[in-house]
Amino acid sequence: MQQRGTASLPTSRNPEALIDQLLEQERRRLASEEGLRTEPVRHFKRPEERPFRRAERDRTTILFGGLTLKHEALIKGHLTGLGYRVENLPIPDAKAFHLGKELGNKGLCNPAYFTVGNLVRYLQNLRAQGMSPEEINDKYVFMTAGACGPCRFGMYEAEFRLALRNSGFEGFRVLLFQQQAGLNQSEMDAGVEFNYDFFLGFLNALNMGDLLNEVGYHIRPYEVTPGQTDEVFARVMDYLTETMRNPPSRPLTRRVNDWVARKGNVPGLLVMVAKLACQLWDEQYVGPFREAAKKLDAVQVDYTRPKPLVKITGEFWAQTTEGDGNFNMFRFLEEEGAEVLVEPVATWVSYLLFLARQFIEDRSGIREGKNPTPWYRVDEKLVYWTAEQAKSAKLALAQYLLTSEYDRLRRALGGTAHPLGNQDILRDLALGYYNSRSQGGEGHLEVAKNIYYHQNDLCHMVLSLKPFGCMPSTQSDGVQSAVTSHYGKMIYLPIETSGEGVANAHSRVQMVLGEAKSICKEEFARAVEGVGFTLEQIRDYIADHPGLSHPLVRVPHTKGIVGRAANYVNYVGNLMRREYAS
């Protein structure tokens, strides 16, 4: 009896090819019986868009957003000084979130919805003012960070393009902030040249924004006159933004620029070394930061009012944005009587450098795509080892420069902000809880920072902000349960943010913050009792010494004391004892 399909069996001398042919034949037969289409699969390809060319620079505006207001103002000043037309997008709000959700795919994290919706709203406002979509596409571009993360962040670019198409702005150009052609891309005729000047100024703007944010958040809760901190900071930001736009001319920088202009075709490496020397030894930004510190001293503060110190960690966007994207959490904490310790962007940059260095160390001796070097070819092994060490040394140098430049600016601004955390120490703290090779989001940093800030008495409470369903932060939250069980007095609260649920989130924070407040008040009472003076006597002494009321007064940190007020009265009490003893 003949079986079905036997008459049309393919013939082949290769058994594997025969099996493939039989499988394909059966697949087509079944698809035909079920009425399924059998056309070749057309895989999605990223649409090619019109590039942004250098010739368009003077008539094209770069839209930029996604960081804090201070960061964005400084970056705008820097890019304007380089000759670009730049506009910052407003802080995204709940309306932007709902618009992004309407125009994009379902199930994405709220940073995508907020950011996409914010961009589309801006373009819709331009259209409402009379500009056509074609004119908008021609005169504006959007610059954002590129990503390839193992979470929904990796789909940001595709979401931008989908939402732009659905809102009538198909073809609007999205520039990814990725360094794909080295530090000098001028030969590409690119509209934005990701060269040495671009990155160095960008790094300075990030460091300055980080430090200004931290100092602002530590001054505002203690201001005597409500609103004075924001008023003074507005003037400081105008001054520093103009500094970024037109950096002050310093002797070494002036000589280097004159030398490059005279010599003409100076090798790029020499120019980079010379400009790096200017960065390290000229006080092009350190000097203006000292002036900013003098302006901030106009704010009058009272550090004898105890405030629980809340450290912010979590997913990068949620812990950085200052609006509805994290339920306006920073201002809410201040209204509830807390002092907020925000996370610097520089920590993220430092973490990326650490990961790159760790990757090189882990793969030491492995030559991608090549056979192992024979044991007797010592010369080849030495060449490859030297190349590996050179890469690692470059990353170590970059890490050192980032940390040292951050610290120079930190000292110029009064030295009250915290230095950057050491990535090796943070990695070691997370050992046993979170593998540093497990990447995604902030990886092991969320766990490490929780331990670090509690172990070193730097906060009363850690608040971790992350988008709803954020995969890396969800992993971290699972690990944090083990961490908190091993550190009995640790106060840690994870909050998932979205476009809704603000009342529930604020309620959860209020409940946990109440415990932190209680600990802070008890700590303050012990500090006052320990110095041997009453609070009234301490305040009278401060009134007789106006320098102690300056917001940037350097207060030593005492082991076992967390709060700024408790450390402050301990410091003032020691001054009083020494003065009265003499």
Side-chain angles (χ1 to χ4, degrees), residues 214-223 301-313 333-334 336-343 410-411 414-422 425-426 429 448-463 483-484 486-493 512-542 545 547-581:
E214 180 172 342
V215 170
Y217 279 113
H218 103 232
I219 293 176
R220 191 181 301 108
Y222 301 96
E223 62 186 5
V301 295
D302 179 7
Y303 284 138
T304 63
R305 296 179 294 183
K307 308 274 185 180
L309 188 52
V310 179
K311 171 63 183 174
I312 303 297
T313 64
L333 286 167
E334 289 182 346
E336 291 296 312
E339 177 188 347
V340 180
L341 179 55
V342 291
E343 185 62 42
R410 184 182 70 86
R411 292 194 301 270
T416 60
H418 292 79
L420 287 180
N422 183 292
I425 292 176
L426 292 173
L429 286 174
K449 285 187 287 192
N450 189 17
I451 298 172
Y452 178 83
Y453 279 88
H454 279 99
Q455 272 191 353
N456 292 281
D457 305 315
L458 296 176
C459 72
H460 295 101
M461 164 185 168
V462 168
L463 177 62
V483 175
T484 54
H486 294 163
Y487 295 86
K489 296 182 179 179
M490 180 180 287
I491 302 178
Y492 170 79
L493 175 65
V512 178
L513 186 61
E515 182 181 353
K517 284 182 178 180
S518 176
I519 293 173
C520 177
K521 289 178 180 178
E522 292 174 2
E523 175 188 70
F524 181 74
R526 288 195 304 271
V528 172
E529 182 180 359
V531 297
F533 300 99
T534 66
L535 185 57
E536 289 72 20
Q537 289 174 319
I538 294 172
R539 286 174 172 165
D540 288 341
Y541 182 85
I542 294 169
H545 298 76
L548 294 174
S549 296
H550 288 182
L552 299 179
V553 60
R554 297 285 295 274
V555 178
H557 181 265
T558 304
K559 180 64 179 174
I561 298 180
V562 176
R564 190 175 302 276
N567 276 292
Y568 182 71
V569 297
N570 187 64
Y571 169 62
V572 174
N574 289 334
L575 293 178
M576 294 171 68
R577 280 198 293 265
R578 285 199 295 268
E579 183 174 325
Y580 296 156

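Since the structure is predicted, the reported quantities are computational estimates derived from the model, not experimental observations.
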At their closest point, which heavy atom of [X] faces which heavy atom of [Y], and how far apart are they?
X      : Y      : answer
Val569 : Ala527 : CG2-CB, 3.7 Å
Ala338 : Val310 : CB-CG2, 4.0 Å
Lys307 : Gly337 : CD-O, 3.3 Å
Ala448 : Leu429 : O-CD1, 4.0 Å
Met576 : Gln537 : CE-O, 3.8 Å
Phe524 : Ala566 : CD1-N, 3.8 Å

Item to complete: Applying side chain to side chain contact (heavy atoms under 4.5 Å, CB included), run through Glu334 and Val340 and close with a yes or a no.
Response: CA-CA 7 Å; Glu334 289 182 346; Val340 180; 4.2 Å; yes

Item to complete: State whether the side chain of His418 and the backbone N or O of Glu214 hold a donor-acceptor pair below 3.5 Å, judged by distance alone.
Response: no

Item to complete: Please confirm whether the backbone N or O of Ile561 pairs with a side-chain atom of His557, one donor and one acceptor, at under 3.5 Å?
Response: yes

Compare all side-chain heavy atoms of [X] with those of [Y] and state whether any distance is below 4.5 angstrom.
X      : Y      : result
Lys449 : Val462 : no
Val562 : Cys520 : no
Leu309 : Tyr453 : no
Pro308 : Glu339 : no
Lys559 : Asp457 : yes
Val528 : Thr534 : no
Tyr541 : Val572 : yes

Discussion item. Side chain to side chain donor-acceptor pair (under 3.5 Å), that's the test. Do Arg564 and Asn567 meet it? Break it down for me.
Written reply: CA-CA 5 Å; Arg564 190 175 302 276; Asn567 276 292; over 6 Å; no

From [X] [atom1] over to [Y] [atom2], what is the distance, rounded to the nearest 0.5 angstrom?
X      : Y      : atom1 : atom2 : result
Tyr217 : Leu333 : OH    : CG    : 9.5 Å
Arg526 : Glu523 : CZ    : CD    : 6.5 Å
Asp302 : Glu223 : CG    : CD    : 11.5 Å
Tyr487 : Ile451 : OH    : CD1   : 4.5 Å
Leu513 : Glu515 : CG    : CD    : 10.0 Å
Ile542 : Thr304 : CD1   : OG1   : 5.5 Å

Discussion item. Go through it in stages, so that I can follow the logic: the residues are Tyr568 and Leu548, the test is side chain to side chain contact (heavy atoms under 4.5 Å, CB included), and I'd like the CA-CA distance, side-chain angles, deciding distance and then a yes or no.
Written reply: CA-CA 9 Å; Tyr568 182 71; Leu548 294 174; 3.6 Å; yes

Fill in: Derivation and outcome, side chain to side chain contact (heavy atoms under 4.5 Å, CB included), residues Asn450 and Thr313
CA-CA 8 Å; Asn450 189 17; Thr313 64; over 6 Å; no

Item to complete: Please say whether more than 12 non-hydrogen atoms of neighbouring residues, nucleotides or ligands are located less than 6.0 Å from CD in Gln455.
Response: yes

Discussion item. If you apply the rule side chain to side chain contact (heavy atoms under 4.5 Å, CB included), what do you find for Val555 with Asn570, and how did you get there?
Written reply: CA-CA 9 Å; Val555 178; Asn570 187 64; over 6 Å; no

Item to complete: Taking only Lys NZ, Arg NE, NH1 and NH2, and the carboxylate oxygens of Asp or Glu, determine whether Glu343 and Lys311 approach each other closer than 4.0 Å.
Response: yes

Worksheet item: Where does the angle between the aromatic ring planes of His218 and Tyr303 fall among parallel (under 30°), tilted (30 to 60°) and perpendicular (over 60°)?
Response: tilted

